Asker: 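The following block contains the structure, expressed as structure tokens.
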Amino acid sequence: MAPVAPPESEAELLRRAESLAGQRLADLAHALGTQVPADLRRAKGWPGQLVEAWLGASAGSLAEPDFRNLGVELKTIPVGRDGDPLESTYVCTVPLEGACAATWENSWVRRKLARVLWLPMEADRETPLAQRRVGAALLWSLEPDLEAVLRTDWEEIMELVCLGRLAELSARLGVYLQVRPKAANARSLRRSVGADGGSVLTNPRGFYLRAAFTREVLRRHYALPP
DNA sequence: TGATGATCATTA
DNA sequence: TAATGATCATCA
């Protein structure tokens, strides 16, 4: 997709994001000279990449906030007709090595979520992809009470990783932050540290925000059903 | 039905 | 290869 220069300030980023409100994905795609895929089965990341291109996100696939110079992460939120989030939101990879040295303060999760541009997108399956609209952007900072919950979740998860209790990792852990597989397929393996301190292979995992978290963020800043 | 676990495309 | 962008598909 056509590159757009990165925004030089949060104000500029927000102006760009606000100009997308109400636009249909087909309009954005055509303006960038690209086509709307027939469906998302083989283009799962397409909506996110489309708005990245529009807003001038610069980090690519690096483990960095999307707008590196601003320290702002872009997150689209797929929402239904009622504005309620439909899916969890990927945050970053779970560090399987060096888990014992990691702290919440220096974690990728905290770095990425410190400042986020949330962008709701229509995503109910009734609406054809091309006709789905972008919602109203929200430039947001991690709020202390939400951070406290995330921190507890993160520490619970990372303790298991540190101790090599990988079999106990489950998406059922965590109030707002959960761990799920994150890989091309279940045969992907990554090195980690076993309970005896030795090297073991396990499936790569990612941190995800439950829909309950993004629902709470949207609820606090927009008029939404409870 | 909703959530968990699995999967797909792209890029540096 | 391993990070990113996520949604799909199955089962409790």
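Within every chain, numbering begins at 1; the chains are lettered A, B, ... in the order of the sequence lines, protein sequences first and strands thereafter. Remember, predicted model here, so these are calculated numbers, not experimental data.
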Asker: For the pair made of CZ in A:Phe207 and P in C:dG5, what is the distance, rounded to whole Å?
Answerer: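 Result: 15 Å.
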Asker: When A:Val109 is tested against each of A:Asp153, A:Leu177, A:Leu209 for side chain to side chain contact (heavy atoms under 4.5 Å, CB included), which residue passes?
Answerer: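 Of the listed options, the one satisfying the test is A:Leu177.
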Asker: For B:dA9, does either OP1 or OP2 sit under 4.0 Å from a side-chain N or O belonging to A:Gln49?
Answerer: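 Answer no for this pair, as no side-chain N or O of A:Gln49 is under 4.0 Å from OP1 or OP2.
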Asker: Check ring-ring contact (aromatic ring centres under 6.0 Å, His included) between A:Trp108 and all other residues, then give those that pass, not counting sequence neighbours.
Answerer: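 With sequence neighbours excluded, A:Trp108 shows a ring-ring contact (aromatic ring centres under 6.0 Å, His included) to no residue whatsoever.
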Asker: Which class fits the ring pair A:Tyr90 and A:Tyr208: parallel under 30°, tilted 30 to 60°, perpendicular over 60°?
Answerer: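 Geometry flag for A:Tyr208 against A:Tyr90: perpendicular rings.
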Asker: Does a donor on one side chain and an acceptor on the other come within less than 3.5 Å for A:Thr127 and A:Arg133?
Answerer: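 Per modelled atom types, A:Thr127 and A:Arg133 side chains form no pair under 3.5 Å.
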Asker: Measure CD/A:Glu64 against P/C:dG5 and give the value in whole Å, please.
Answerer: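 About 12 Å, once rounded to whole Å.
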Asker: Distance to the ring centre below 6.0 angstrom and angle to the axis at most 45 degrees; does that hold for A:Arg210 and A:Tyr176?
Answerer: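 No; the conditions do not both hold, so A:Arg210 does not lie above the ring face of A:Tyr176.
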Asker: Taking CG from A:Asp84 and P from B:dT1, how many angstroms apart are they, rounded to a whole number?
Answerer: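 That distance rounds to 16 Å.
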Asker: Find the distance between NZ (A:Lys182) and OG (A:Ser188) and round it off to the nearest 0.5 Å.
Answerer: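 The NZ atom of A:Lys182 sits 11.0 Å away from the OG atom of A:Ser188.
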Asker: Which whole-number value in Å describes the distance from A:Leu86 CG to B:dT4 C1'?
Answerer: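 Atom CG in A:Leu86 sits about 16 Å away from atom C1' in B:dT4.
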Asker: So, for A:Trp54 and A:Arg16, which heavy atoms are closest and what is the spacing to 0.1 Å?
Answerer: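 Minimum heavy-atom separation between A:Trp54 and A:Arg16: O-CD, 4.3 Å.
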Asker: Under a 4.0 Å threshold between the charged nitrogen and the carboxylate oxygen, would A:Arg220 count as salt-bridged to A:Glu143?
Answerer: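 Judged by the 4.0 Å cut-off on N to carboxylate O distance, A:Glu143 and A:Arg220 do form a salt bridge.
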Asker: Mind running side-chain contact (heavy atoms from CB on, under 4.5 Å) on A:Thr202 and A:Leu96 for me, showing each step along the way?
Answerer: CA-CA 9 Å; A:Thr202 189; A:Leu96 293 172; 3.7 Å; yes
Asker: Looking only at side-chain atoms of A:Glu52, point me to the closest of B:dG5, B:dA9, C:dG5.
Answerer: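 Selected nucleotide: C:dG5.
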Asker: I need a per-nucleotide contact map over nucleotides 7-12 of chain C, read 5' to 3'. Cutoff is protein heavy atoms under 4.0 Å; write B for the base, S for backbone only, - otherwise.
Answerer: BB----
Asker: Atom CD1 of A:Ile157 to atom P of B:dT4: distance rounded to whole Å?
Answerer: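 Taking CD1 of A:Ile157 and P of B:dT4, I get 11 Å after rounding.
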Asker: Rounded to whole angstrom units, what separation is found between the CZ atom of A:Arg210 and the P atom of B:dA3?
Answerer: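 Going from CZ in A:Arg210 over to P in B:dA3 covers 8 Å.
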Asker: By a strict heavy-atom criterion of less than 4.0 Å, which residues belonging to residues 182-194 of chain A are in contact with DNA chain B?
Answerer: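 Residues of residues 182-194 of chain A that come under 4.0 Å of DNA chain B are, in numerical order, A:Lys182, A:Ala183, A:Ala184, A:Asn185, A:Ala186, A:Arg187.
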Asker: Send over the distance from A:Leu119 CG to C:dG5 P, rounded to a whole Å.
Answerer: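 One finds 13 Å between P of C:dG5 and CG of A:Leu119, rounded.
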Asker: Which whole-number value in Å describes the distance from A:Leu173 CG to B:dA3 C1'?
Answerer: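 That distance rounds to 14 Å.
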Asker: Quick check for you: among B:dA12, B:dT4, C:dG5, whose closest atom lies nearest to any side-chain atom of A:Lys75?
Answerer: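 Within the option list, the nearest is C:dG5.
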